[in-house]
Every structure is written in C-alpha cells, then in structure tokens.
Amino acid sequence: MDAADVMDDLSEVLFTSDQIADRIAEVAAQIDADYEGREVLLIGVLNGAVMVMADLQRAMRSHVEMDWMAISSYGSGTQSSGVVRILKDLSVDIEDRHVIVVEDIIDTGLTLSYLMSNLASRNPASLEIMTMFRKPEAAEMDVPVRYVGFEIPNKFVVGVGLDYAGRYRNLKDLAILAPHVYA
Ligand code: 5GP
C-alpha cells in the first residue's frame, strides 16, 4: 500500500519507498565492504523488521543467513512499556558467528539493550546493530548502533514494517500517524 491509499490516517510522509530503497542499498554496500571475507548472520526482530530484513538482504551482494527472534514491545499502544520478554528464540547457535541485529526502529533503546546483552552472552564472534530508523532519545543510549538508515523526529510512525494495532506494516512509505487515529 502507498501513502495515497491511507492519506487521511497520516499527518506527514517522512520518506518515500524510493528514498528508503536507496538508503537500504547504501547500507547494504557498507555491510558488504565491512564484512568482506566473513559471512554474516542477520538476526531480525519480529514483526517490525520483516520488510527491512527482506530488502537489506536482497540489496547485499555477499552470502548472508538470517534468523528471527520475537520479543514483546508495544502491544497496541504508542508508548514503550519497558517490558521485554522473549516470545520466540533463535533457531541457530550464534557462537563464533558474525551477527548483525536488524531493527526496524529504535526509540528508547530499552528493547535493544536487553536483546544485546542476551545475545552477547551467547559468544558471537562479533555483534553489531543495523536499524532502519532511529529516534532522538536512542542516539544517547550506551549501546552503539553501527548502521542507521535514517534519523527521525520523536513522532509515532508507521509503514516499512512498523504497525499501529497490527495495521500499516504494508505501507511502503514511512509516515507519521495522524493523532486522530489513536486518540
Ligand atoms: P524501544 O524499546 O526502543 O523504545 O522500542 C522499540 C520498539 O518499539 C520497536 O521495535 C517498535 O516495535 C516499537 N516502536 C518504537 N517507536 C515506534 C513508532 O514510532 N512506531 C511504531 N509503529 N512502533 C514503534
């Protein structure tokens, strides 16, 4: 779906699908160069990272594997709860693997800092983070993020895999959700 299909529900389109595809291609090329000669395992966080994961992998030119985790985050609200729970764990052992965690968005960073300490305890050869979008508060967190697609304002956004109450994940653009939708 395009922004035009749900225009009344959006207050602003921040990035079009073309801009997002271009940026993903840049990040993919960077990862290819940084990991030359080493095979990467991408770990996606369900469900939000599904779209970014699919696009990032296909834009990469080297061999890459993927696996998924599901952790609890927002429910159907728009505020981070701070409650983090593993709902689905990895299927593979990451010991001695070069791991990049692929995130849709980092807001407070609460979800990610929990996830990173959990993954680090499994002894990967290396562990980095790629996020498609990052909000201002997250830029100050102590977990270093190696690859950032776009910095965005502190607004509730949807599209590119990000939902509100299960909807809008299939929106190809990234947009600010109009407050009347969740008020
Ligand atoms: P954090 O723990 O960094 O505050 O939140 C991370 C998770 O909250 C993200 O993976 C995402 O699921 C959700 N989230 C944070 N900000 C937004 C937003 O603006 N829109 C949507 N749809 N989800 C968000």
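Residues: numbered from 1 along the sequence shown. Whatever order the structure lists ligands and atoms in, that order sets their numbers, starting from 1.
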Q: Would Glu137 count as a contact residue for ligand 1, given that I'm defining contact as a non-hydrogen atom of the residue lying under 4.0 Å from a ligand atom?
A: no

Q: Report, in ascending order of atom number, the atoms of ligand 1 lying under 4.0 Å from any heavy atom of Lys135.
A: 16 (N), 17 (C), 18 (C), 19 (O)

Q: Does Asp163 reach ligand 1 with a nitrogen or oxygen that is under 3.5 Å from one of the ligand's nitrogen or oxygen atoms?
A: yes

Q: At their closest point, which heavy atom of Met53 faces which heavy atom of Val102, and how far apart are they?
A: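 Heavy-atom minimum between the residues: SD-CG2, 4.0 Å.
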
Q: Taking only residues at least two apart or on different chains, which pairs with a member in residues 9-64 satisfy ring pair (Phe, Tyr, Trp, His ring centres under 6.0 Å)?
A: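 Sorted result for residues 9-64: Phe15-Phe150.
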
Q: Determine the minimum heavy-atom distance between Leu119 and Ile94, stating which atoms define it.
A: O-CD1, 3.7 Å

Q: Could I get the full list of salt bridge (charged side-chain N to carboxylate O under 4.0 Å, His left out) partners for Glu26, not counting sequence neighbours?
A: Arg23

Q: Using distance alone, decide if ligand 1 has a nitrogen or oxygen within less than 3.5 Å of any nitrogen or oxygen in Leu112.
A: no

Q: Got an N/O contact under 3.5 Å between Gly109 and ligand 1?
A: yes

Q: Which one of Asp5, Asp18, Asp2 satisfies the salt bridge (Lys or Arg N to Asp or Glu O under 4.0 Å) criterion with Lys172?
A: Asp2

Q: Just by distance, no angles: are the side chains of Asp9 and Tyr164 close enough, under 3.5 Å, to form a donor-acceptor pair?
A: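 No pair is found: no donor N or O on one side chain lies under 3.5 Å from an acceptor on the other.
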
Q: Do the side-chain N and O atoms of Asp173 and Thr16 include a donor-acceptor pair separated by under 3.5 angstrom?
A: no

Q: Using a strict cut-off of 4.0 Å, indicate which atoms of ligand 1 neighbour a heavy atom of Thr111.
A: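 Per the distance check, 1 (P), 2 (O), 5 (O), 6 (C).
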
Q: For ligand 1, which atoms sit closer than 4.0 Å to a heavy atom of Glu103?
A: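 Listed by number with element, the hits are 10 (O).
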
Q: Is ligand 1 under 4.0 Å from a heavy atom in the side chain of Lys155, in the backbone, in both, or in neither?
A: backbone

Q: Below 4.0 Å from any atom of ligand 1, is there a heavy atom belonging to Phe156?
A: yes

